[in-house]
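Excluded from the calculations below are hydrogen atoms, water molecules and symmetry mates; all remaining heavy atoms, backbone and side chain alike, are included. Sequence positions, counted from 1, serve as the residue numbers for this chain.
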Amino acid sequence: QYLSHHSAGFMALLHNRHFVIQLQTMDASTVRYFSIKNRRVRSHGQMHPKPDFVLSFKDEEYALKTLSKASPMAFMKGMQAGDIKMEGDFSLLVWFNQAAKLIPPKVPKPVKEKLRQARAFIKEKTGK
């Protein structure tokens, strides 16, 4: 939403675009969709009844790692391994990758802390 008002590159990606992209875990325990319409971005923490494109990740941590890389290669590896699944209008994946490149790579401190906690929890449970 911030970029839709402050980034010329992102504003250009929004011009004349109307669609819904949904991000979720494969078990749909975590779901968020983004509605793009009239150069506005709206985010909703729920499932959309008919998204145009759905990106499903094996789990939350994997999604965060992959999305923070903003790398087409990371997506390709995830798809080949079966850790990422896609449904719908695949041209929106290209749009999504272009938009991801404009998102600042710095992860906010609260998110970093949650990642650290999740890694510690996984390490404790698995011993790895």
Side-chain angles (χ1 to χ4, degrees):
Q1 291 172 339
Y2 177 84
L3 292 176
S4 70
H5 298 289
H6 296 91
S7 167
F10 195 75
M11 286 183 224
L13 286 175
L14 298 176
H15 186 69
N16 286 331
R17 300 303 304 256
H18 306 286
F19 58 86
V20 173
I21 290 181
Q22 183 164 287
L23 306 178
Q24 64 185 41
T25 55
M26 288 186 187
D27 65 0
S29 62
T30 303
V31 180
R32 178 162 291 279
Y33 76 85
F34 298 88
S35 172
I36 312 299
K37 187 175 181 182
N38 298 326
R39 288 191 251 169
R40 290 183 177 245
V41 177
R42 305 252 189 227
S43 173
H44 305 272
Q46 62 190 42
M47 202 170 267
H48 189 274
K50 193 172 179 189
D52 297 295
F53 184 68
V54 178
L55 268 174
S56 299
F57 298 88
K58 71 176 182 177
D59 59 39
E60 293 172 16
E61 183 178 3
Y62 183 80
L64 187 57
K65 276 187 196 178
T66 306
L67 293 171
S68 65
K69 288 179 186 173
S71 163
M73 284 305 293
F75 275 90
M76 290 301 294
K77 286 181 181 178
M79 291 184 325
Q80 289 172 344
D83 297 331
I84 300 173
K85 298 197 186 302
M86 296 182 279
E87 298 173 40
D89 182 352
F90 284 81
S91 70
L92 291 174
L93 179 61
V94 174
W95 182 93
F96 185 78
N97 280 326
Q98 291 172 333
K101 290 176 186 175
L102 298 171
I103 297 172
K106 185 176 179 184
V107 178
K109 281 186 180 181
V111 174
K112 280 186 181 179
E113 179 60 23
K114 290 290 185 189
L115 272 175
R116 188 192 64 72
Q117 290 172 356
R119 286 185 185 123
F121 177 77
I122 290 168
K123 187 175 183 179
E124 180 184 304
K125 292 292 184 191
T126 63
K128 295 179 184 180

For this session: If you link ILVMFWY side chains whenever their heavy atoms are less than 4.5 Å apart, which other residues fall into the same cluster as M47? By chain and number, please.
Result: V31

Exercise. Are L92 and L67 grouped together when hydrophobic residues (ILVMFWY) are joined by side-chain heavy atoms under 4.5 angstrom apart?
Worked result: yes

Exercise. Considering residues at least two apart in sequence or located in another chain, which fulfil the ring-ring contact (aromatic ring centres under 6.0 Å, His included) criterion with F121?
Worked result: none

For this session: Quick one: list whatever passes side chain to side chain donor-acceptor pair (under 3.5 Å) with T30, sequence neighbours left out.
Result: E60

Problem set entry | Closest approach of A74 to Y62 (non-hydrogen atoms, all atoms of both residues) | O-OH, 4.3 Å

Exercise. Is it true that a side-chain atom of D59 and a backbone atom of E61 form a donor plus acceptor pair closer than 3.5 Å?
Worked result: yes

For this session: Report the C-alpha separation of W95 and F19 in whole Å, then their side-chain angles, then the decisive distance to 0.1 Å, and conclude whether the ring-ring contact (aromatic ring centres under 6.0 Å, His included) test is met.
Result: CA-CA 11 Å; W95 182 93; F19 58 86; 4.9 Å; yes

For this session: Can you sort out the partners of R32 under side chain to side chain contact (heavy atoms under 4.5 Å, CB included), two or more places apart, ordered by chain and number?
Result: F34, S43

Problem set entry | Close side-chain approach of V41 and L14, heavy atoms under 4.5 Å | yes

For this session: Could you name each residue pair satisfying side-chain hydrogen bond (donor to acceptor under 3.5 Å, both in side chains) that touches residues 5-20, not counting sequence neighbours?
Result: none

May I have the list of side-chain donor-acceptor pairs in residues 76-90 shorter than 3.5 Å, sequence neighbours left out?
| unit_1 | atom_1 | unit_2 | atom_2 | d |
| --- | --- | --- | --- | --- |
| D89 | OD1 | S91 | N | 3.0 |
| D89 | OD1 | S91 | OG | 2.6 |
| D89 | OD2 | S91 | OG | 3.3 |

Seminar exercise, completed: Residues at least two apart in sequence or cross-chain that pass side chain to side chain donor-acceptor pair (under 3.5 Å) with Q46, listed by chain then number, are none

Exercise. Nearest 0.5 Å, what's the CG-CG distance between L23 and L55?
Worked result: 5.5 Å

For this session: Run through the side-chain heavy atoms of Ile, Leu, Val, Met, Phe, Trp and Tyr, join any pair under 4.5 Å, and report what else lands in Y33's cluster.
Result: V20

Exercise. Considering residues at least two apart in sequence or located in another chain, which fulfil the side chain to side chain contact (heavy atoms under 4.5 Å, CB included) criterion with Q98?
Worked result: L13, V94

Problem set entry | Considering all heavy atoms, the nearest Q22-H48 contact | OE1-N, 2.7 Å

Exercise. For A12, which residues count as a side chain to side chain contact (heavy atoms under 4.5 Å, CB included) partner, sequence neighbours excluded?
Worked result: none

Problem set entry | A63 versus F57, closest heavy-atom pair with distance | CB-CG, 3.4 Å

Problem set entry | Which residues share a side chain to side chain donor-acceptor pair (under 3.5 Å) with S56, sequence neighbours left out | Q24

